[in-house]
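All remarks here apply to the structure that follows.
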Amino acid sequence: MESLTTGSVLAKFGYALSDPTRARVLLALRSGPNYPAVLAEVLGVSRQSMSNHLTCLRGCGLVVAVPEGRKSRYELADPRLAHALGDLLDVVLAPNTDLCSGSDRADSAAASATERP
């Protein structure tokens with residue numbers, strides 16, 4: 001496994017959170033491990049889409065797949081991520097929509113994120 005610098009770690013984390021579905025997957029996994037099919041159903045996305053998002057999150061080092069027979073269960077790669085995500089949810093942001101081009105997406109992601117699993 002590759003070790004990343006502080007800046008690279010934050011960039012990977014930011015990239016993972018930049019997609020609302022990936023952010024919701026991470027929030028769902030705060031409650032505990034789960035299976036891709038269940039996550040897809042709960043989040044209202046296709047299994048293929050969920051597979052793609054989980055692959056991305058694995059690549060970012062945020063989740064791990066735990067083989068269970070023919071299935072894989074997914075969980076946060078480090079239990080401290082659950083705490084970190086909770087801390088991020090407690091931060092109140094007031095983006096300037098004139099300067100922050102992703103603020104519309106961020107608002108909908110934040111609204112989804114406040115629906116804590």
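Because the structure is a prediction, the values reported are computed rather than measured. Numbering of residues begins at 1 and proceeds along the displayed sequence.
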Exercise for review: List for me each residue that meets side-chain contact (heavy atoms from CB on, under 4.5 Å) alongside S49, sequence neighbours excluded, and say none if there are none.
Suggested key: V45, S46, H53

Check your understanding: Which residues pass the side-chain contact (heavy atoms from CB on, under 4.5 Å) test with L54, sequence neighbours left out?
Key ->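 Once residues adjacent in sequence are excluded, the partners of L54 under the side-chain contact (heavy atoms from CB on, under 4.5 Å) criterion are V25, P36, L39, M50, Y74.
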
Can you find a heavy atom in the side chain of [X] that is under 4.5 Å from one in the side chain of [Y]?
| X | Y | answer |
| --- | --- | --- |
| Y15 | L10 | no |
| L81 | E75 | no |
| L62 | L29 | no |

Exercise for review: With sequence neighbours excluded, tell me which residues meet side-chain hydrogen bond (donor to acceptor under 3.5 Å, both in side chains) with E41.
Suggested key: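 So E41 forms no side-chain hydrogen bond (donor to acceptor under 3.5 Å, both in side chains) with any residue.
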
Check your understanding: With E68, which residues qualify under side-chain hydrogen bond (donor to acceptor under 3.5 Å, both in side chains), at least two apart?
Key -> Y35, R73

Practice item. Mark yes or no for whether S51, through its side chain, and R47, through its backbone, hold a donor-acceptor pair below 3.5 Å. Key: no

Point to revise | Residues which pass salt bridge (Lys or Arg N to Asp or Glu O under 4.0 Å) with R80, listed by chain and number, not counting sequence neighbours | key: D78

Review point. With sequence neighbours excluded, what pairs up with R58 under the salt bridge (Lys or Arg N to Asp or Glu O under 4.0 Å) test?
Key: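 With sequence neighbours excluded, R58 shows a salt bridge (Lys or Arg N to Asp or Glu O under 4.0 Å) to no residue whatsoever.
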
**Study point:** same_hphob_cluster(V42, L26) at 4.5 Å side-chain heavy-atom cutoff
**Key:** yes

Exercise for review: Quick one: closest heavy-atom pair of R30 and L89, and the distance?
Suggested key: NH1-CD1, 3.4 Å

Practice item. Please report the shortest heavy-atom distance between S72 and A65, naming the atom on each side. Key: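 That would be CB-CB, 4.3 Å.
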
**Study point:** Intermediate values then yes/no, side-chain contact (heavy atoms from CB on, under 4.5 Å), V64 and L76
**Key:** CA-CA 6 Å; V64 293; L76 295 176; over 6 Å; no

